[in-house]
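The shown structure was predicted, so the numbers you read here are calculated from the model rather than taken from an experiment. Note that ligands are numbered from 1 as they come in the structure, with each ligand's atoms numbered from 1 the same way. All residue numbers in this chain count up from 1 along the given sequence.
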Amino acid sequence: MKIQSVRARVFEWKGKTVPPQANFCSNAMDALYDRGDSMKTFRFHGWTVVEIETDDGIVGLGNVALAPHIAKAIIDQYLAPLVVGQDPWDYEYLWQRMYRSTLAWGRKGVAMAAISAVDLAIWDILGKSVNKPVFKLLGGRTKERIPCYYSKLYRGDLKAMQEEAQTFLDQGFTAFKMRFGYGPNHGTRGVAENLKSVQAVREVIGYESDLMLECYMGWDLDYARRMLPKLEKFEPRWLEEPVIADDVDGYAELSRLSAIPISGGEHEFTLHGFRQLLDKKAVSVVQYDTNRVGGITAAHKINALCEAHSIPVIPHAGQMHNYHLTMSTLASPMSEYFPQFDVEVGNELFYYIFKGEPVAKDGFLQLDDTLPGLGLTLNTDYLDQFQISE
Ligand SMILES: O=C(O)[C@H](O)[C@H](O)[C@@H](O)CO
Ligand SMILES: [Mg+2]
């Protein structure tokens, strides 16, 4: 079997979107005085879809959400020529070809996300070629069902957050991730607002449910040091991305400082990036995203590294490419899960582009042992709401 063609298209959402609201989610832009709509650069309303076809007609589907037009250009100009004509079963060699050919400028960020998209499509082909789901090629079924945590609860009106939490508590979720809205530039009022929001959600979900707290790189080491003792009474399952991804030593200090587990990884790349995080004991929960980190080829290796370090892997964002990694290892106890909503930040856009995403039931997800590859097809129901560029 040989790879015959690589097609990368950018799907840009032109449909309805939920209007942005202030303090929706603390983030790295909050440090700037002219930040404006600070979440603007963290909305993913475009996605690059990769379709790789083999000489015997199998089509593999990959995807990347970071900087979609740049990712497409990297795939078209650099990566496609490296894999066309090659055997997809040589996926490790093909990964090394893509990685080493772009190493001078691509070891992290959008180039590694582009490599991830090609790698996902290759693994989709591998599964389809042997009529097996991808997780069966990685280690098989390690769970009867995948426990998942409800992820949204962006900062807004506290009553609305409580109603949202109640709705999904009633649907059987027993773990929830909420977002802080405030950080170092919002002073003591911001601290009070942050604590009020955690209190409000805890009042609804109680202490039988897990509560994860998301800072999305919107705090800094000093602010996190001051917040951690105030958060301990809420018994969070983890505090996520309290500092920017490059502040690995900051992560490590916070991990030493507090009993609250510090999580991160959705903005880290490759096995080498995660080796650094683990060697420095920077995080207690690893959260790579398989469509960023280097695809399934890289994520599978990171799963093994985390198993060796007894660090749980709970990939970012849900989405089928991550579910296969979680299903195939005991090192990954659960998945993140965004239900399908109107398009807001963009995590939910996946449902509008692909069909096949599992829907959570009672806080669990299921994968189908008989569905080959990643188990995704293109969703044609919303094509009229996308601008698609070849
Ligand atoms: O952990 C997450 O789900 C991500 O950080 C979100 O995708 C991001 O939108 C911030 O909540
Ligand atoms: Mg996050």
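- Looking only at protein heavy atoms, the nearest one to atom 6 (C) of ligand 1 is Arg179 NH2, 3.6 Å.
- Among the heteroatoms counted here (N, O or S) of Glu266, OE1 is the one nearest to the Mg ion (ligand 2).
- Taking the N/O/S atoms of Glu240 in turn, the shortest distance to the Mg ion (ligand 2) belongs to OE2.
- Between Tyr150 and Phe168, the ring-plane angle classifies as parallel under the 30° and 60° cut-offs.
- Within Glu214, the N, O or S atom lying nearest to the Mg ion (ligand 2) carries the name OE1.
- Looking at Glu266 next to ligand 1, an N or O pair under 3.5 Å apart turns up.
- Of the listed residues (Phe44, Tyr154, Phe42), the one carrying the non-hydrogen atom nearest atom 9 (O) of ligand 1 is Tyr154.
- In this structure, Arg202 fails the cation-pi test against Phe234, since its NZ or CZ atom is not both closer than 6.0 Å to the six-membered ring centre and inside 45 degrees of the ring normal.
- Ring geometry, Tyr91 versus Trp123: the interplanar angle falls from 30° to 60°, so the pair is classed tilted.
- Counting atoms of ligand 1 from 1 in the listed order, those under 4.0 Å from a heavy atom of Asn347 are 6 (C), 7 (O), 9 (O).
- Neither the backbone nor the side chain of Glu241 comes within 4.0 Å of ligand 1, counting heavy atoms alone.
- Of the heavy atoms in Glu214, only side-chain atoms (C-beta onward) come closer than 4.0 Å to ligand 1.
- A cation-pi arrangement, defined by a distance under 6.0 Å to the six-membered ring centre and an angle within 45 degrees of its axis, is present between Arg292 and Phe44.
- Residue side and main chain included, Glu241 places no N/O/S atom under 2.8 Å of the Mg ion (ligand 2).
- Only the side chain of Phe338 comes within 4.0 Å of ligand 1, judged by heavy-atom distances.
- The aromatic rings of Phe350 and His321 sit perpendicular to each other, their planes meeting at more than 60°, with 30° as the lower class boundary.
- For residues 63-84, the set of pairs meeting the ring-ring contact (aromatic ring centres under 6.0 Å, His included) definition, not counting sequence neighbours, comprises Tyr78-Trp105.
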